[in-house]
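Notes follow the structure.
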Number of protein chains: 2
Amino acid sequence: MGISRQQATTDDDAGERAERGPRARTKRLMLETATRLMQAGATPSVSEVAEAAEVSRATAYRYFPSQAALVQAVVDEGLGPILTWQSTSDDAERRVADLFDNAMPRIEAFEATFKAALKLSLDQWARRQAGTLGGEPAFTRGHRVDLLKEAIAPLKGRLPPRDFNRLAQALSLIFGVEVLIVLKDIWGLDSRGTRFVAQWAAGALVRAAVAESIDGGDGANTAAVVK
Amino acid sequence: MGISRQQATTDDDAGERAERGPRARTKRLMLETATRLMQAGATPSVSEVAEAAEVSRATAYRYFPSQAALVQAVVDEGLGPILTWQSTSDDAERRVADLFDNAMPRIEAFEATFKAALKLSLDQWARRQAGTLGGEPAFTRGHRVDLLKEAIAPLKGRLPPRDFNRLAQALSLIFGVEVLIVLKDIWGLDSRGTRFVAQWAAGALVRAAVAESIDGGDGANTAAVVK
DNA sequence: ATCAATATGATACGCGCGTCTCAAAAATTT
DNA sequence: AAATTTTTGAGACGCGCGTATCATATTGAT
């Protein structure tokens, strides 16, 4: 079965990147073409990438059996630099700000890709609910969880674990593509305004978490908290 | 000719709800069937609703020309009660908390519907980027903007307009379905945990906005985001 | 009761995605 | 260089969505 052989290849390459030969070459060509198209704002189907890369549809589908696989590959490709990034500061708020400054422009650059990924996740979720398609991973917790936890790591000792997690969770609400959707598409803000609001919210949350831990427990959590 | 007549009906009904006759009856039947299916977690296509409601595909498509129209109708139907709701308090933080308490369970009850709506918006956005489909509304700013602005209305006088908007924008990041996606699907929280985190974050943001305005400008904004 | 208007249903069509088959081309081995 | 394996391309197929057409049933007015 040539098929299962080639299917396996898609996975093998994940492990051994330096693979040589026509397979790897064609795959890279497709990946680069797809990345280029997506950076231009498109959300190309496998067929469209095939045409743009000047390979046949059949070949394209051999390497990327679905648009989902394609998008995922582009996301991984484009997100690489973020994942290894480290803030130089050891102040939590500063680190979070640094993370946002680094990640948000990159997310914006790959906006179409991230939106496509979100859309596909929603698709998969819907199928899952419908009964079709069994125990797949459904929503893949991207990298945001780890990135944020790492950013607020300096608070790990100073905050109760519960509060630490709550902060990480709250921050993750203002970190992903959803921010772009809400602030740019719905509110009509520009990139600068979007980053500004996200930064402010992030800072406010970090400060709130720290402040609470200082003046003891839920000092600010009672009804209105009149300061 | 018959078509444009019936097409118009879809719009007319929005204005005159009490319409009588077979048209309204069938439409309601479909809407209720669709709502039932979606509450059960499904994201039915027009054809599926047609089958469940025991009307022909052709008829179904006359009333809801696309899945998007169907979802939109169900959203409006299910969201109605929220839109007219009013908090009895005049404390901003309390009002926001009330809003969340009221809206979040309802959003959860219609989770599949909201996710479908988000997915369709992303779809439309992608098509738009691709050049196909012209000047459509793209992302329809739902009701969240108005709801939140209304909730924090008590701060309208006490906060500079710029800060007021920033707060509304930040709050809208932790208000929609996206919250469910991030906290339930990605983090794996349950409904209670999700509401808890969202509530905490909302309160923290409101308090931060108020506190800043009190101790004058950007008293807490020093470290990050200098502008 | 009759007749026009209108709602419905059955059917067929185009289109795009993903799958499959098979033959030609390219690469690798012997 | 010849033989074999691997990669590629061309085409056909099924499927689901949305559209269009036409005949039939239902409704409402005269």
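Labels below follow one simple rule: chain letters A, B, ... track the order of the sequence lines, proteins then strands, and each chain is numbered from 1. All figures in this text were calculated on a predicted structure; none of them were measured in a lab.
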Notebook entry, point to check: Heavy-atom contacts under 4.0 Å between residues 53-61 of chain B and DNA chain C, which residues?
Noted result: B/V55, B/S56, B/R57, B/A58, B/T59

Checklist line | Qualifying residues under salt bridge (charged side-chain N to carboxylate O under 4.0 Å, His left out), relative to A/E48, sequence neighbours excluded | finding: none

Note to self: Using the side-chain heavy atoms of B/V46, tell me which of these nucleotides is nearest: D/dC17, D/dG18, D/dT8.
What the structure shows: D/dG18

Check: Quick one: side chain to side chain contact (heavy atoms under 4.5 Å, CB included) partners of B/A34, sequence neighbours excluded?
Finding: B/V49, B/L70, B/V74

Notebook entry, point to check: In chain order, what residues pass the side chain to side chain contact (heavy atoms under 4.5 Å, CB included) check against B/E51, with sequence neighbours excluded?
Noted result: none

Round to the nearest Å and state the distance from [X] atom [atom1] to [N] atom [atom2].
X: B/Y63; N: D/dT19; atom1: OH; atom2: P; value: 16 Å
X: A/D123; N: C/dG18; atom1: CG; atom2: C1'; value: 14 Å
X: B/R62; N: C/dT6; atom1: CZ; atom2: P; value: 14 Å

Checklist line | Below 4.0 Å: OP1/OP2 of C/dC17 and any side-chain N or O of A/S45 | finding: yes

Item checked: Contact list for residues 110-119 of chain A, test salt bridge (charged side-chain N to carboxylate O under 4.0 Å, His left out), sequence neighbours left out -> A/E111-A/K115, A/E111-A/K184, A/K115-A/D185, A/K119-A/D123, A/K119-B/D123

Checklist line | Side chain proximity check, B/T43 to B/Q67, heavy atoms < 4.5 angstrom | finding: yes

Item checked: With A/F175 via ring-ring contact (aromatic ring centres under 6.0 Å, His included) - residues at least two apart -> A/F100

